[in-house]
Amino acid sequence: MRPSSVRLLLTSSAVSLLLVAGIANAAEIPAGYPADYSKTIEAAVKEGKVSIYSTTDSALASGLVKDFEAAFPGIKVDYSDLNSTELYNRFIAEVASGQGTADVTWSSAPDLQVKLASGGYALAYQSPEAKHLPDWAIYRDMVYGTTAEPVTIIYNKRMLPEADVPTSHEALLTLLQTKGASLKDKVAAYDPERSGVGFYFFNQDEFFWKKAWDLNKALGQVSLKTYTSAGAMVEKVTSGEHSIAYGIFGSYALSRQAKDPNLGIIMPKDFTLVTTRAAFVPAKAKNPNAGKVFLDYLLSVRAQKLIAGEAQLFAVRDDVTEGVTIKTVQNAVGKAVTPIALDDALLDGLDQVKRLRFLKQWQQAMKGQ
């Protein structure tokens, strides 16, 4: 190789290193971060991209993705929008292939996330943002809750008389038992047999409420219509095909209500479950540094303000006060706020024997028995 060619290659390499260092220095590193965090950013920029498997609809996440790429221009986001079961199965298949995995998994089925982490599939990483999260939103410095979303009941105001609107789980049970004939084929919910989120929600009902199976049986008696997508249920309720949908993320409900004021949203007064979209960096991530930077971004004030505002996903941080946050839910239902903790108790419902027993009982309930 001629000397001029060598000088050209050296110059190109030097420029690349300077660009990487420049991006790392330009990125805003919040107070309280480790002194060497710029090295993590520098390594992430060298990796060049972050692959995210997520259950959050692309439309809701687009603002976050664009803002992250603006904050870290050297890291391109590859965002895959999947349902919770698809995410879990794809991730497990990638692990089995031995070729590396996505860099962040961000799921609305936190029980499956905890299962993966407890099985050794998550990277142990203490996020510098962890101190701003409630204890229930952290699992062993591996899995982090990024939102604090109420699990709501939605209804069509044109289809359901105001006097019949159920303000609690108990009231919904009474409505189904006393006026079930008028609600035949008019009630929707997640399908616990096909949806990881659905299984998780109904499991939590059983954990927190002794009449959960009475409600499930009543749902079966009105010929419950089941779905794997919250968006589909919201659409069916707003169109009038269904009158009520049970177990809907408050974020999706609020997003649609902004466009259609005839959609009613109920945070049950007896107990309102608060769930989270749980995220971790996989142990075999192809771009682990980019994964760490994106995870920290999701938990940062900057991202949480977008989560509370534009995305309306309910911020989990204790120092975000504008928009929709965990405090919004607390103000609405007070002591009825019931966070679902990221802990080993979530694994209990995933035990295979218990899962099969639950699904068998569910199938009977859907027959009204």
Would a distance-only check, ignoring hydrogens and angles, find a side-chain to backbone donor-acceptor pair under 3.5 Å from [X] to [Y]?
{"X": "Lys157", "Y": "Pro261", "answer": "yes"}
{"X": "Ser97", "Y": "Glu94", "answer": "yes"}
{"X": "Glu69", "Y": "Val77", "answer": "yes"}
{"X": "Ser80", "Y": "Tyr53", "answer": "no"}
{"X": "Thr276", "Y": "Ala278", "answer": "no"}
{"X": "Gln304", "Y": "Val316", "answer": "yes"}
{"X": "Thr152", "Y": "Ile248", "answer": "yes"}
{"X": "Asn287", "Y": "Ala290", "answer": "no"}
{"X": "Asp270", "Y": "Ser168", "answer": "no"}
{"X": "Ser195", "Y": "Pro192", "answer": "no"}

- Query: What is the ring orientation for Phe68 with Phe294, classed by angle as parallel under 30°, tilted 30 to 60°, or perpendicular over 60°?
  - Reply: perpendicular
- Task: On the 0 to 90° scale, with breaks at 30° and 60°, tag the Trp209-Phe271 ring pair as parallel, tilted or perpendicular.
- Result: tilted
- Query: Under 4.0 Å between a Lys/Arg side-chain N and an Asp/Glu carboxylate O for Lys354 and Asp348?
  - Reply: yes
- Query: Could Arg194 and Asp191 be called an ion pair, given the rule that one side-chain N must be under 4.0 Å from one carboxylate O?
  - Reply: yes
- Going through the distances and angles, do Tyr297 and Val50 end up as a side-chain contact (heavy atoms from CB on, under 4.5 Å)? CA-CA 12 Å; Tyr297 167 78; Val50 58; over 6 Å; no
- Message: With side chain to side chain donor-acceptor pair (under 3.5 Å) as the criterion, how do Thr146 and Trp106 come out once you've worked through the C-alpha distance, each side chain's angles and the decisive distance to 0.1 Å?
- Response: CA-CA 9 Å; Thr146 64; Trp106 186 26; 2.8 Å; yes
- Item | NE2-CD1 distance between His169 and Ile266, expressed to the nearest 0.5 angstrom | 10.0 Å
- Message: Can you confirm whether the side chains of Ser251 and Glu149 place a donor and an acceptor under 3.5 Å from each other?
- Response: yes
- Output, in order, the C-alpha distance, side-chain angles, deciding distance and verdict of side chain to side chain donor-acceptor pair (under 3.5 Å) for Tyr144 and Asp296. CA-CA 10 Å; Tyr144 294 90; Asp296 292 336; over 6 Å; no
- Ser107 and Leu87 have their tightest heavy-atom pair at CB-CD1, 4.2 Å
